[in-house]
Structures are given as structure tokens and as C-alpha cells.
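A quick write-up on the structure given underneath.
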Amino acid sequence: MIAFLETNVAKIAPWLAIPLGLASMSMIFFLVPTDAGLGISQRIFYWHVPCAITCYGAFVFAGICSATFLYTRERTWDRAAEASVRVGMLYGTLVLATGSLWARTAWGTWWTWDARLTTFLVLWLLFAAYLILRSLSDDELGPRYAAVLALVGTLNIPLVMFATRLWRTIHPQVIRNPNGGIDDPRMVAALVLSLGFFFTMAPILWAMQERVLRLREQVATLEYESENPRGAGRMAG
Amino acid sequence: MTPLAYVGLAYITILMAIFAFVLRLTSATKDLDRRIEELERNKRGQ
């Protein structure tokens with residue numbers, strides 16, 4: 001499955017991502033009407049929301065790969081999980097950055113300890129801890145601990161998603177909002193195109209990251225073999 | 001700063017971050033490919 005994703009999806013995805021990105025930006029800046037309540041700053045949502053959804057998707061995929069790794073102990077799954085976490089962290093960081101920019105215009109502050117913002121920050125910190133753990137550990141146990149941490153992070157996602165319903169929050173509900181939100185067909189089209197753009201970009205970035213991790217392991221194996229010619233083959237990466 | 005400037009800044013941030021991520025990975029792939037080639041050449045020479 002991992003090899004299929006890397007060879008096929010990542011080859012087709014760039015041809016979809018570029019037109020989707022251009023179409024999405026054209027719609028957002030030239031065709032979408034300005035929201036009556038939130039004003040022009042609402043346009044940030046068209047990329048902020050897909051960024052968040054893709055971030056959740058990447059972390060869920062990392063969780064699935066981590067669970068499979070814990071079950072099979074195959075390095076391919078561990079590598080796929082790490083690549084997915086790295087892509088998820090990129091999107092997660094962008095969610096925090098763009099959300100902060102929107103909050104500055106709408107709320108007059110860069111950050112507030114709202115339920116959605118806080119739970120998302122906890123999610124981000126969990127996966128940041130995953131990456132720190134990966135970079136600090138070089139024994140066999142490191143990937144296993146990291147896989148458990150990825151599973152904990154993945155289980156945290158529903159909490160972030162439903163934070164606006166579970167607690168009293170000031171974070172706007174963009175999708176399925178009974179009091180408005182994205183309801184104009186042009187707004188929906190812009191959001192769908194943006195989702196398409198981020199969904200197609202994710203496998204491209206994942207495949208590139210996975211390749212880098214695989215090549216790093218190959219270098220480590222070759223370096224080990226050149227230093228220990230007799231012990232070659234003992235090191236898996 | 002006007003709200004439109006914040007919108008522009010948000011989109012520029014996303015595009016720049018994705019571009020930097022791709023650039024970093026492309027350069028890392030190139031470096032690692034070169035290193036593998038070098039190590040395999042040394043291995044054959046031994």
C-alpha cells in the first residue's frame with residue numbers, strides 16, 4: 001500500500017494540485033462574496049479550514065500506520081507514520097498561524113485560551129513531542145514509544161473537532177452552522193476547491209518526505225557497512 | 001494593518017511554507033542520493 005501511494009498517487013497528484021490551487025485562489029479573491037458578519041477576514045477560512053482538515057487526516061493516517069507498525073514491526077509503516085506526522089505538523093503550524101492572523105482582525109488578539117484553540121494546541125504539542133522523541137532516540141524502542149504517542153495524538157482528534165460543541169467557545173463554526181457560515185454556492189465551491197488543493201498536496205509532500213526518510217536509512221546502513229564490513233547485514237536502519 | 005493585509009499575509013504564509021517544505025525535501029533528496037552514490041562507489045572500490 002505504501003509503495004502504491006508513493007509511486008502512483010504522488011505522480012498524479014501534482015497535475016491536479018496546481019490547477020486546483022489556482023482555481024481556488026481565483027475564486028477566493030475574485031468570485032466569492034464578502035461575508036456580511038465577519039467581513040473580508042472571513043476569506044482566511046477558505047484555506048484555514050482545509051488546512052485543519054488535512055492536518056487531522058495526516059495525523060489519522062499516522063495513527064493507522066503507527067498501529068500497523070506496532071502490530072507488524074515493519075519499518076515501512078514506521079517510516080510512513082513519521083512522514084505523515086511531519087506533513088501533519090506543517091499543516092498544523094499553518095492552521096495556528098492563519099488562525100492567529102484571523103483572530104487578530106476579528107477578536108483583536110493573536111491568541112485566546114478558547115476550547116478549540118487550546119485543544120488544537122495540545123494536539124500540535126503531542127505531535128511535536130513525537131518528532132522530538134524521534135530525533136532523540138536512536139535505539140529500537142524509540143519508534144515504538146513514538147508509535148504509542150502517535151496513537152494518543154490521533155485519539156485526541158475527536159476532542160479537537162467537537163470542542164466547539166462540547167464547550168462554550170467563541171471559535172466560529174464555519175461548516176454546518178445554523179446561523180449562517182458558508183452557505184452561498186460560490187463559498188461552498190471555493191471551499192471544495194481549496195479542500196481538493198490541500199488533499200492533493202498532502203500525498204505529494206508525504207511521498208517526498210517518505211523518500212527522504214528512506215534514503216536516510218539507506219545512508220545509515222551503507223555507512224555502517226563501510227565501517228563494519230564483517231558485521232554488515234546486522235543493521236536494519 | 002487592514003483586514004485585507006491580514007488575509008494576504010495568511011495566504012502568503014501558507015504558500016511560502018509549502019514552497020520551503022518542498023525545497024527542503026528536494027535539496028535533502030539530492031544530497032542523500034549523492035551520498036549513497038559516493039558510499040556505493042567506495043563499497044565497490046574496497
How long is the span from the [atom1] atom in [X] to the [atom2] atom in [Y], to the nearest 0.5 Å?
X: B:Asn42; Y: A:Glu225; atom1: CG; atom2: CD; value: 12.5 Å
X: A:Tyr91; Y: B:Ile14; atom1: OH; atom2: CD1; value: 9.5 Å
X: B:Ile18; Y: A:Leu205; atom1: CD1; atom2: CG; value: 6.5 Å
X: B:Arg35; Y: A:Leu222; atom1: CZ; atom2: CG; value: 9.0 Å

*Do the rings of B:Tyr11 and A:Phe29 sit parallel, tilted or perpendicular, given the 30° and 60° boundaries?*
perpendicular
*Output, in order, the C-alpha distance, side-chain angles, deciding distance and verdict of side-chain contact (heavy atoms from CB on, under 4.5 Å) for B:Leu15 and A:Trp47.*
CA-CA 10 Å; B:Leu15 288 172; A:Trp47 275 23; 3.8 Å; yes
For [X], which atoms come within 4.5 Å of any heavy atom of chain B: side chain, backbone, both, or neither?
X: A:Ile44; result: both
X: A:Leu94; result: side chain
X: A:Arg211; result: side chain
X: A:Arg104; result: side chain

*Please determine, among B:Leu9, B:Thr26, B:Thr29, B:Leu25, the option with the most heavy-atom pairs under 4.5 Å with chain A.*
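Highest number of pairs under 4.5 Å: B:Leu25.
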*Highest number of heavy-atom pairs under 4.5 Å with chain B: which of A:Leu90, A:Thr93, A:Thr98?*
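Ranked by contacts with chain B, first place is A:Leu90.
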*Are any non-hydrogen side-chain atoms of A:Gln209 and B:Arg24 less than 4.5 angstrom apart?*
yes
_Within-4.5 Å side-chain heavy-atom neighbours: A:Leu101 and B:Met1_ = no
*Taking heavy atoms only and a threshold strictly under 4.5 Å, list by residue number the residues of residues 77-89 of chain A that touch chain B; give 'none' if the list is empty.*
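Within residues 77-89 of chain A, the residues that come under 4.5 Å of chain B (heavy atoms only) are A:Arg86, A:Val87.
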*Looking only at non-hydrogen atoms, find the nearest pair between A:Thr105 and B:Pro3 and report the distance.*
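It is CG2-CA, 4.1 Å.
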*Would you say A:Trp15 has more than 12 foreign heavy atoms packed within less than 6.0 Å of its CH2?*
no
_Interface moiety of B:Leu39 toward chain A, non-hydrogen atoms closer than 4.5 Å_ = side chain
_Residue B:Tyr6 versus chain A: region with a heavy atom under 4.5 Å_ =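 For B:Tyr6, heavy atoms of backbone and side chain both lie under 4.5 Å from chain A.
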